[in-house]
Peer 1: 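Here it is: the structure, laid out below.
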Amino acid sequence: MPATLLDGKKLAEDVRSGLGPRIAVLAARGIVPGLAVLLVGENPASVSYVTAKEKACAELGMRSFERRLPADAVEADIIEAVREFNADPAVHGILVQLPLPKGVSESRVIEAISPAKDVDGFTPVNIGRMVIGDPCFLPCTPHGIIKLIEVAGVATAGAHAVIVGRSNIVGKPLANLLTRKSINATVTVCHTGTRDLAEHTRRADILVACAGVPELIKAGMVKPGACVIDVGVNRVDDPSKAKGWRLVGDVDFAAVSEVAGSITPVPGGVGPMTITMLLYNTVESAERPA
Ligand code: NAP
């Protein structure tokens with residue numbers, strides 16, 4: 001039986017609908033949640049991500065502030081732009097679109113973001129708070145994945161979750177969230193040093209693919225009935241398309257759908273949830289006492 005499709009677009013709409021009344025309450029207090037976006041250079045994927053985030057803000061009646069710097073901007077100028085956003089009371093959340101140009105330290109730029117406005121949840125302060133379970137902004141992609149797993153109806157307590165990828169923005173924070181007592185999964189994290197990847201993935205009740213490798217996960221690597229979350233966004237050549245390419249995830253969707261119990265599509269799975277959790281964190285930031 002084909003897997004149940006985990007519709008990230010629909011879930012994102014539901015979460016955004018829940019934000020509407022909270023934004024109205026803030027408006028009555030004269031507060032409009034504001035997201036500041038800093039974009040360095042003209043990377044087409046980054047430009048389209050930023051445009052999508054600004055559009056999503058506008059649709060919810062939130063404000064967005066955009067600052068663009070040229071690709072040859074020096075680190076000091078980027079950090080200065082971050083500090084200006086830190087000081088602006090109309091800004092409740094700051095997003096620095098990654099990647100930054102070569103030669104610029106992403107760590108130093110991220111560390112310049114005020115933790116109180118770090119709605120991406122990337123600063124060391126927020127990550128530290130997340131790890132010890134203190135109130136913090138949860139990183140958007142892992143937070144969105146947790147919500148998708150929840151709606152899949154998967155019993156997480158005691159489940160074996162296997163994450164393929166250990167980046168700071170997806171794999172590592174997700175491993176931490178899945179081992180929280182409230183979720184109680186047992187987690188295996190795989191990476192390029194993992195021996196026999198399939199041996200691990202086949203034991204997963206929850207399999208999260210976040211490697212950035214097109215269709216890495218084949219049907220034979222998936223336990224029947226597993227919940228499969230595909231984080232990957234990869235462009236592959238496709239001469240049949242007018243633009244010459246199409247997007248695929250890290251999972252061989254057609255084949256794995258025949259084995260998994262539930263699965264996210266690409267596009268329309270994790271991506272819409274990532275943007276939505278960014279808006280969620282920005283509203284939460286605006287609600288905090290000044
Ligand atoms: P990343 O920083 O490149 O990390 C990739 C991770 O996967 C690394 O830990 C790497 O291992 C591991 N890996 C790579 N190839 C592997 C293989 N063959 N077997 C096992 N592990 C392997 O990537 P990222 O930023 O986490 O992003 C991952 C993917 O998710 C990308 O396609 C990205 O576009 C997508 N993404 C989507 C969203 C969304 O909202 N939909 C958000 C973020 C990212 P090593 O550590 O050993 O190198």
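Quantities reported herein were computed from a predicted structural model and do not represent experimental measurements. Counting starts at 1 for both ligands and their atoms, in listed order.
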Peer 1: Please find the pair of heavy atoms, one from Ser46 and one from Leu39, that lie closest to each other, and give the distance.
Peer 2: CB-CD1, 3.7 Å
Peer 1: Got Glu111 and Pro124 here, is their nearest side-chain heavy-atom distance under 4.5 Å?
Peer 2: yes
Peer 1: Could you check atom 31 (C) of ligand 1 against the protein and tell me its nearest heavy-atom contact, residue, atom and distance included?
Peer 2: Gly212 CA, 3.6 Å
Peer 1: Tell me which part of Thr192 gets within contact of ligand 1: side chain, backbone, both or neither, using heavy atoms under 4.0 Å.
Peer 2: both
Peer 1: Do Phe137 and His143 make the cut of ring centroids closer than 6.0 angstrom?
Peer 2: no
Peer 1: For atom 5 (C) of ligand 1, find the nearest protein heavy atom and state the residue, atom name and distance (0.1 Å precision).
Peer 2: Ala211 O, 3.5 Å
Peer 1: Can you tell me the protein heavy atom closest to atom 4 (O) of ligand 1 and the distance?
Peer 2: Ser167 CB, 3.7 Å
Peer 1: For atom 17 (C) of ligand 1, find the nearest protein heavy atom and state the residue, atom name and distance (0.1 Å precision).
Peer 2: Leu216 CD2, 4.0 Å
Peer 1: I need the atoms of ligand 1 closer than 4.0 Å to a non-hydrogen atom of Gly271, numbered in the order shown.
Peer 2: 40 (O), 41 (N)
Peer 1: Kindly check if the number of other-residue, nucleotide or ligand heavy atoms within 6.0 Å of CG (Asp237) is above 12?
Peer 2: no
Peer 1: Give me the nearest non-hydrogen protein atom to atom 34 (O) of ligand 1 as residue plus atom name, then the distance to 0.1 Å.
Peer 2: Val233 O, 3.6 Å
Peer 1: With a 4.0 Å cut-off on heavy atoms, is Gly171 touching ligand 1?
Peer 2: no
Peer 1: Could you tell me whether the side chain of Ile229 reaches within less than 4.5 Å of the side chain of Leu6, counting heavy atoms only?
Peer 2: yes
Peer 1: Report yes or no: does Glu75 contribute a side-chain atom to a donor-acceptor pair with the main-chain N or O of Ser105 at less than 3.5 Å?
Peer 2: yes
Peer 1: Starting from atom 43 (C) of ligand 1, find the nearest protein heavy-atom neighbour and note its residue, name and distance.
Peer 2: Val170 CG2, 3.8 Å
Peer 1: I'd like to check which ligand 1 atoms, numbered from 1 as shown, lie under 4.0 Å from a non-hydrogen atom of Gly165.
Peer 2: 6 (C), 7 (O), 9 (O), 12 (C)
Peer 1: Compare Val189, Thr274, Val213, Ile275 and give the one whose heavy atom is closest to atom 39 (C) of ligand 1.
Peer 2: Thr274
Peer 1: Can you confirm whether Val213 sits close enough to Asn234 that some side-chain heavy atom of one is under 4.5 Å from a side-chain heavy atom of the other?
Peer 2: no
Peer 1: Atoms of ligand 1 less than 4.0 Å from Cys210 heavy atoms?
Peer 2: 5 (C), 6 (C), 7 (O), 28 (C)
Peer 1: Short check: is a protein heavy atom less than 4.0 Å from atom 27 (O) of ligand 1?
Peer 2: no
Peer 1: I'd like to know if atom 24 (P) of ligand 1 has any protein heavy atom within a distance of less than 4.0 Å.
Peer 2: yes
Peer 1: Identify whether the distance between the nearest side-chain nitrogen and carboxylate oxygen of Lys9 and Glu13 falls below 4.0 Å.
Peer 2: no
Peer 1: Return yes if some donor-acceptor pair links the side-chain N/O of Asn86 with the main-chain N/O of Ile113 below 3.5 Å, else return no.
Peer 2: no
Peer 1: Report the part of Thr194 (side chain from C-beta onward, or backbone N, CA, C, O) that has a heavy atom under 4.0 Å from ligand 1; answer both or neither where that applies.
Peer 2: neither
Peer 1: Report yes or no: does a heavy atom of Val164 sit under 4.0 Å from some atom of ligand 1?
Peer 2: yes
Peer 1: Note the single closest protein heavy atom to atom 42 (C) of ligand 1, along with its residue, its atom name and the distance in Å.
Peer 2: Thr141 OG1, 3.3 Å
Peer 1: Counting heavy atoms only, which of Asn234, Ile145, Val231, Thr264 comes nearest to atom 37 (C) of ligand 1?
Peer 2: Val231
Peer 1: Distance-only, no hydrogens or angles: does the Lys218 side chain make a donor-acceptor pair with backbone N or O of Glu215 under 3.5 Å?
Peer 2: yes
Peer 1: Would Asp238 and Arg246 pass as an ion pair if we require N to O under 4.0 Å?
Peer 2: yes
Peer 1: Kindly say whether Leu38 contributes a backbone atom to a donor-acceptor pair with the side chain of Glu66 at under 3.5 angstrom?
Peer 2: no
Peer 1: Regarding ligand 1, does Arg166 bring an N or O atom to under 3.5 Å of one of the ligand's N or O atoms?
Peer 2: yes
Peer 1: Show which atoms of ligand 1 fall inside a sub-4.0 Å distance from at least one heavy-atom site of Ile169.
Peer 2: 25 (O)
